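In what follows, chains carry the letters A, B, and so on, assigned in the order in which the sequence lines appear, proteins first and then strands, with residues in each chain numbered from 1. This one's a predicted model, so the numbers in the text were calculated from it and none came from an experiment.
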There are 2 protein chains.
Amino acid sequence: MTSVASASSVAAAPAAAGPAPASPTSARTPARAERLRCDAARNRERVLAAALELYRERGGAFTVEEVASRAGVGVGTVYRRFPTKNALLDELARPFFEQLLTTAQAAHGHPEPAERLEVFIRAMAEQHAIDGVRSGRLWDAAVARPLRDEYVRTLGLILAEARAAGRVRADVEPYDVGVVVWSITGLIDATQHAAPVIWRRYLDLLVDSLRPGGERPLATRPVTQGDWEDLVAASPVLRLG
Amino acid sequence: MTSVASASSVAAAPAAAGPAPASPTSARTPARAERLRCDAARNRERVLAAALELYRERGGAFTVEEVASRAGVGVGTVYRRFPTKNALLDELARPFFEQLLTTAQAAHGHPEPAERLEVFIRAMAEQHAIDGVRSGRLWDAAVARPLRDEYVRTLGLILAEARAAGRVRADVEPYDVGVVVWSITGLIDATQHAAPVIWRRYLDLLVDSLRPGGERPLATRPVTQGDWEDLVAASPVLRLG
DNA sequence: CGACAACCGGAATCGTCTTCCGCTTCCGTC
DNA sequence: GACGGAAGCGGAAGACGATTCCGGTTGTCG
């Protein structure tokens, strides 16, 4: 697993509908260099759309050639825009990941602070189940580190509130919740096909496990940010099932 | 994922050291047809040994040709004995699985019946962590259904005892424990490389989650045997990491 | 309108798994 | 102890899929 470094393709966003770039300091803006020729941009979108379609149909079990032909381009064109097939799949994960963050923030907006942690965990699981992502974890470092950081930050706030309200065992740390969510998503991926909603049972169990009262102390230290980085980096993203 | 049906290669055991097959009813015994020629049997062992060696070194990231050359045979010979590379890897998992069953039975032999469930779960996790199996679940149907059935049976006994002793929430069923163990093994696989013992923390959490008291009822039905079959059949075994 | 960098398609390359086939070796018999 | 043939053997060839390359094409900008 060589980690997919790469910066690249930051722009490519649909761009604001507004006409004016406004800032007259155009001299320095690097955005210039990243603008794609319009046919290229169109093809990029087509490739992405074709890949998403195929991913929803067959969960990663498709060839690059299929993506290309469904997008009406040659494989070379796919590779000009995405260095590897996995990079293409990573890109598919991005909007999904963004949706997760939105969901997390929505949970943080829940009226009752004490409830937010549970709402958060359940919403994450629900979102994961809905999005039809099979057999993948989607936290890979390459996709969107800033989003991930924001996610963890939100989680920290929520956990602090739950703790203040005495709704969670005192020895639970933010990354613990991350691990719990991560592990439920693994279960969702694994069971969704065989038994569509069964994961809810184990989610209930996990949620219960975080409640305070009668527990024995945890002997092992929690996951740190560094561990977390390693952990997600080692997980397949939307890779083949 | 076409499930790897296949019966095959039941014999191949090192065979009892004793000299006499004893049973004179040799007429019907099918064992006859399954005996390998002695050079073939030797090669089979060599291939298996080479594959295990490579697996421990590189975790599945090796080619069939490497296995063959390390075993001192041609690839054709590997394929004569194992229909696919995955079948070969499955075979590697078998002794590991057998060890798990032994561990399970040992837990059932624990002097204090009320403790057995926890001992069982912890022992399973420990065993999984020790065996150096990375990024794989090993419950695939193809490997050893009878072993699996025995495992589940043992688990059922242990759970009944724990329940009788009031050491476990009343709504937990045997396959629930299976799912819990399965999910901790996933966590072990995922974290072992980055943070060797961190999984113990989450194991503690999971073990705690099964204790009785104050819990809310579980709204979703538990996993059934059929679900379990599907679930394990869909999991990668020792597949590439 | 012309120059040219960015693009394009798709054939060729490469790494792997899997199949095939002519030659070889054990096993049971005569 | 030699013989016949099934079971094995090695490794070349085939199949597949990702990735690379390159000659021809096409927006873009002056």
Practice task
Round to the nearest Å and state the distance from B:R35 atom CZ to D:dG8 atom C1'.
Solution key: 17 Å
Practice task
May I ask you to evaluate whether A:R44 reaches the phosphate of C:dC7, defined as a side-chain N or O under 4.0 Å from OP1 or OP2?
Solution key: no
Practice task
Could you check if a side-chain atom of A:S183 sits within less than 4.5 angstrom of a side-chain atom of A:L206, using non-hydrogen atoms only?
Solution key: yes
Exercise for the section: Would you please name every residue forming a salt bridge (charged side-chain N to carboxylate O under 4.0 Å, His left out) with A:R122, sequence neighbours left out? Expected result: A:E118, A:D204
Problem - Nearest-angstrom distance from the residue atom CG of B:D39 to C1' of C:dT25 - result: 7 Å
May I have the list of side-chain donor-acceptor pairs in residues 96-103 of chain A shorter than 3.5 Å, sequence neighbours left out?
from   : atom 1 : to     : atom 2 : distance (Å)
A:T102 : OG1    : A:E98  : O      : 3.1
A:T103 : OG1    : A:Q99  : O      : 3.0
A:T103 : OG1    : A:Q127 : OE1    : 3.1

Problem - Residue pair A:L205 / A:R201, side-chain heavy-atom distance below 4.5 Å - result: no
Problem - Under 4.0 angstrom between A:Y79 side-chain N/O and D:dT20 OP1 or OP2 - result: no
Practice task
For the helix from C:dC1-D:dG30 to C:dC30-D:dG1, measure the angle between the helix axis at one end and the axis at the other, each built from five pairs, rounding to 10°.
Solution key: 10°
Problem - Nearest-Å distance for atom pair CZ/P, residues B:R46 and D:dC9 - result: 10 Å
Completion exercise
salt bridge (charged side-chain N to carboxylate O under 4.0 Å, His left out) filter on B:E66, not counting sequence neighbours, yields B:R58
Handout entry: Rounded distance (Å) that lies between atom P of D:dT19 and atom NZ of A:K85
Key = 8 Å
Practice task
May I ask you to test the A:L48-A:R44 pair for a side-chain heavy-atom distance under 4.5 Å?
Solution key: yes
Exercise for the section: Whole angstrom is fine here: how far is it from CG in B:N86 over to P in C:dC17? Expected result: 10 Å
Fill in the blank from the handout: Atom CZ of A:R81 and atom P of D:dT20 are separated, to the nearest Å, by 15 Å
Practice task
Would you kindly give the CZ-to-C1' distance between A:R58 and D:dG17, to the nearest whole Å?
Solution key: 13 Å
Practice task
Taking ring pair (Phe, Tyr, Trp, His ring centres under 6.0 Å) as the test, write out the residues that go with B:F82, two or more places apart.
Solution key: none
Problem - Minimum side-chain heavy-atom gap B:R81-B:L36 below 4.5 Å - result: yes
Handout entry: Test side-chain contact (heavy atoms from CB on, under 4.5 Å) applied to A:Q105 and A:Y151, step by step
Key = CA-CA 8 Å; A:Q105 289 170 330; A:Y151 173 85; over 6 Å; no
Practice task
Go along nucleotides 10-15 of chain D 5' to 3' and tag each nucleotide: B for a protein heavy atom under 4.0 Å from its base, S when only backbone or sugar atoms are that close, - otherwise.
Solution key: BBB---
Fill in the blank from the handout: Ranking B:R37 and A:E65 by the position along DNA chain C of their nearest nucleotide, the one closer to 5' is A:E65
